[in-house]
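Single-structure report; data block below.
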Amino acid sequence: MSWWQVYPLGFVGAPVRPGGTDAAEQVVHRLGRIEAWLDHVVGLGLDGIALGPVFASMTHGYDTVDHFRIDPRLGDDADFDRLVAAAHDRGLKVLLDGVFNHVGRAHPLVGRPGTRSEVFEGHDSLVVLDHDSPAAADLVVRVMEHWLGRGADGWRLDAAYAVPPRFWAAVLPRVRERHPGAWFVGEVIHGDYAAIVRESTMDSVTQYELWQGIWHGIADRNLFELAHALKRHNDLLAGFVPATFVGNHDVTRIASAVGADFVPHALAVLLTVAGVPSVYAGDEYGWTGVKEQRLGGDDAVRPEFPPRPPADNDMVRLHRQLLAVRRARPWVVRAHTDVVHLDNRQAVLRTATGWGALITALNLADDPVAVPSGGAEARAAGPATLDGARIQLPPRGWGVFTS
């Protein structure tokens, strides 16, 4: 499974802060703009679209005021139904973003059983649900079942790190009774991933440790950090398959974080190690954007998209190539990765099972270098070449090989 992650409000050009051009209740049918990109998603070789918030909210989507209504800035139920049908017609699944840790202050539940008086992470507009309240659990079950019944295939659980695992353990089994095929992934930034999955009954959590290891390891020219993250990543596989990424709607785009020359290195790691990977919409074109800690600081990483996909560039073609390599080897999803060679600026990774192996070689230095082949037999992607028992890496080069 692999996802194309979209932040809908930004994608379609909807106003996200008070004072926008839309009246609060005016329905503007923008959601169809995502549909125009679905063939692009299929062409990349991805399996589904992971939508950010689509429910009625006051501003950025994470201050929900009605979980049962499509945000009028995006459209209405008919627009949602058409998007889901169009995705399913192409063999794509649809993941929804469930904001169930907190609600917007204008939500009708605020002040009634089911919410607390506290606010979320200092944001006065976000009121925390009372996760010990049956009313909160019943609400989440109803919301999940409603949209799964309308065709959604699973849920991303926003701010799951802030919710007691026992809450999910009380909610998710109830939802699975009617929707046994639904997939649930929690946004967990830090903590004991394995314990959270086990205690919550979620299927997966977001692998922020690996994200940090990839981009810090490359940006800081310290691949020991990547190797450390990969060891911890391997340890998780006995219990679940993590949701992996190098970009999302909450972080600086990978091209800005590591530089355009090193995006292929990050992508090669993402797509040759275990996990359920996602590509943040726009990263496949190498778009840039820096997240800043200020009002509007997310705008650069949540831009409006053109009505239709631009022409393919080299980065799009690289995504397609590496996703094809991964799709041809479904065993990668749970395979362990060993570090065959490691230096600050060079690494050789071997992801393998009894069915085969993928060898990923990275060079962050400005000089060419030869590294051990790790048993590579044929090149699958990248400018590196195989020379007997050595891989020849050009300056700032990389390669993916098979064996």
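The shown structure was predicted, so the numbers you read here are calculated from the model rather than taken from an experiment. Count residues from 1 along the sequence.
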| message | Working to the nearest 0.5 angstrom, can you tell me the gap between Gln212 CD and Ile214 CD1? | response | 11.0 Å

| remark: What one should report as the nearest heavy-atom pair of Val348 and Pro372 is CG2-O, 3.5 Å

| said: What's the separation between atom CG in Leu270 and atom CG in Leu210, rounded to the nearest 0.5 Å? | reply: 7.5 Å

| task | Could you check Tyr280, Tyr208, Trp211 and say which one makes a side chain to side chain donor-acceptor pair (under 3.5 Å) with Asn248? | result | Tyr208

| message | Between Gln346 and Asn363, is there a side-chain donor-acceptor contact under 3.5 Å, judged purely by atom types and distance? | response | yes

| message | If you apply the rule salt bridge (Lys or Arg N to Asp or Glu O under 4.0 Å), what do you find for Lys231 with Asp235, and how did you get there? | response | CA-CA 6 Å; Lys231 182 182 184 306; Asp235 293 342; 3.5 Å; yes

| task | Let me see the working for Leu223 and Asn344 under side chain to side chain contact (heavy atoms under 4.5 Å, CB included), right down to the final yes or no. | result | CA-CA 5 Å; Leu223 291 173; Asn344 281 334; over 6 Å; no

| query | So Tyr285 and His40, ring pair (Phe, Tyr, Trp, His ring centres under 6.0 Å) or not? Walk me through it. | reply | CA-CA 12 Å; Tyr285 285 96; His40 167 75; 5.5 Å; yes

| query | Is Arg198 salt-bridged to Asp192, cutoff N-O under 4.0 Å? | reply | no

| task | Report the C-alpha distance between Phe262 and Trp215 in whole Å, list the side-chain angles of each, state the deciding distance to 0.1 Å, and finish with yes or no for ring pair (Phe, Tyr, Trp, His ring centres under 6.0 Å). | result | CA-CA 9 Å; Phe262 294 108; Trp215 85 261; over 10 Å; no

| message | Salt bridge or not between Asp39 and Arg90? Use side-chain N to carboxylate O under 4.0 Å. | response | yes

| query | Do you know the tightest heavy-atom contact between Ile359 and Ser403? | reply | CD1-OG, 3.7 Å

| query | Would Arg33 and Asp79 count as a salt bridge (Lys or Arg N to Asp or Glu O under 4.0 Å) if you check the C-alpha gap in whole Å, the side-chain angles of each, and the deciding distance to 0.1 Å? | reply | CA-CA 10 Å; Arg33 291 184 58 173; Asp79 295 306; over 6 Å; no

| task | Decide yes or no on ring pair (Phe, Tyr, Trp, His ring centres under 6.0 Å) for Trp37 and Phe11, but give the supporting numbers first. | result | CA-CA 11 Å; Trp37 284 69; Phe11 188 101; 5.6 Å; yes

| Ala182 versus Asp203, closest heavy-atom pair with distance | O-OD2, 3.8 Å

| Does anything in residues 217-229 pair up under side-chain hydrogen bond (donor to acceptor under 3.5 Å, both in side chains), and if so which pairs, sequence neighbours excluded? | His216-Asp220

| task | Examine Arg302 relative to Tyr7 and say whether NZ or CZ is less than 6.0 Å from the centre of the six-membered ring and inside a 45° cone about the ring axis. | result | yes

| Note, Val246 side chain near Val258 side chain (heavy atom, < 4.5 Å) | no

| field | Heavy-atom closest pair, residues Leu237 and Ala335 | value | CD1-O, 3.7 Å

| message | For His233 and Gln207: C-alpha separation, side-chain torsions, deciding distance, then whether side chain to side chain donor-acceptor pair (under 3.5 Å) applies. | response | CA-CA 8 Å; His233 187 66; Gln207 228 300 28; 3.0 Å; yes

| Worked check of ring pair (Phe, Tyr, Trp, His ring centres under 6.0 Å) between Tyr62 and His102 | CA-CA 8 Å; Tyr62 291 96; His102 51 271; 7.6 Å; no

| message | Show, in sequence, the C-alpha distance, side-chain angles and deciding distance for Asp66 and His107, and conclude whether the side chain to side chain contact (heavy atoms under 4.5 Å, CB included) test is met. | response | CA-CA 6 Å; Asp66 189 345; His107 194 286; 6.0 Å; no

| said: Going by salt bridge (charged side-chain N to carboxylate O under 4.0 Å, His left out), Glu145 matches just one of Arg174, Arg150, Arg178, Arg176. Which one? | reply: Arg178

| query | Is the shortest side-chain N to carboxylate O distance from Asp130 to Arg116 below 4.0 Å? | reply | yes

| task | Decide if the gap between the ring center of Trp147 and the ring center of Phe68 is smaller than 6.0 angstrom. | result | no

| request: Evaluate salt bridge (Lys or Arg N to Asp or Glu O under 4.0 Å) for Asp77 paired with Arg82, printing each intermediate quantity in order. | output: CA-CA 9 Å; Asp77 278 4; Arg82 278 192 297 271; over 6 Å; no

| task | Give a yes or no on whether the ring-centroid distance for His131 and Phe100 is below 6.0 angstrom. | result | no

| message | For a side chain to side chain donor-acceptor pair (under 3.5 Å) check, start with the C-alpha distance between Thr353 and Arg334, then their side-chain angles and the critical distance, and finish with the verdict. | response | CA-CA 9 Å; Thr353 67; Arg334 285 187 172 271; over 6 Å; no

| Ala268 to Val400 - nearest heavy-atom pair and separation | CB-CG2, 4.0 Å

| note | Partner of Asp299 under side chain to side chain donor-acceptor pair (under 3.5 Å), picked from Lys291, Arg17, Arg294, is Arg17

| said: Test side chain to side chain donor-acceptor pair (under 3.5 Å) on Trp168 and Glu199; report intermediate values, then the result. | reply: CA-CA 8 Å; Trp168 304 120; Glu199 294 168 13; over 6 Å; no

| task | Mind checking the OG1-CZ spacing from Thr64 to Phe55? Nearest 0.5 Å is all I need. | result | 8.0 Å

| What distance do Thr272 atom OG1 and Phe401 atom CZ have between them, rounded to the nearest 0.5 Å? | 12.0 Å

| Residue pair Lys93, Trp183: steps toward the side chain to side chain contact (heavy atoms under 4.5 Å, CB included) verdict | CA-CA 10 Å; Lys93 294 187 180 298; Trp183 188 70; over 6 Å; no

| Can a salt bridge be assigned to the pair Arg69 and Asp76 using a cut-off of 4.0 Å between side-chain N and carboxylate O? | no

All N/O donor-acceptor pairs, side-chain side in residues 184-191, below 3.5 Å, sequence neighbours left out:
unit_1 : atom_1 : unit_2 : atom_2 : d
Glu187 : OE1    : Arg156 : NH2    : 3.3
Glu187 : OE1    : Ala159 : N      : 2.6
Glu187 : OE2    : Arg156 : NH2    : 3.4

| request: Answer yes or no: are there more than 12 heavy-atom neighbours, outside Arg232 itself, under 6.0 Å from its atom CZ? | output: no

| Are the charged groups of Asp71 and Arg30 less than 4.0 angstrom apart, N to O? | no

| field | Least distance between heavy atoms, Arg317 atom then Asp312 atom | value | NH1-O, 3.5 Å

| request: Could you tell me whether Asp261 and Arg396 make a salt bridge, using a distance below 4.0 angstrom between a side-chain N and a carboxylate O? | output: yes

| field | Modelled atom types, side-chain donor and acceptor of Arg73 and Ser57, under 3.5 Å | value | yes

| field | Interatomic distance, Leu109 atom CG to Leu129 atom CG [nearest 0.5 angstrom] | value | 6.5 Å

| field | Residue pair Leu95, Asp153: steps toward the side chain to side chain contact (heavy atoms under 4.5 Å, CB included) verdict | value | CA-CA 6 Å; Leu95 189 74; Asp153 298 287; over 6 Å; no

Which donor-acceptor pairs under 3.5 Å do the side chains of residues 44-51 make with protein atoms, sequence neighbours left out?
unit_1 : atom_1 : unit_2 : atom_2 : d
Asp47  : OD1    : Arg327 : NH1    : 2.7
Asp47  : OD2    : Ser2   : N      : 2.9
Asp47  : OD2    : Ser2   : OG     : 3.0

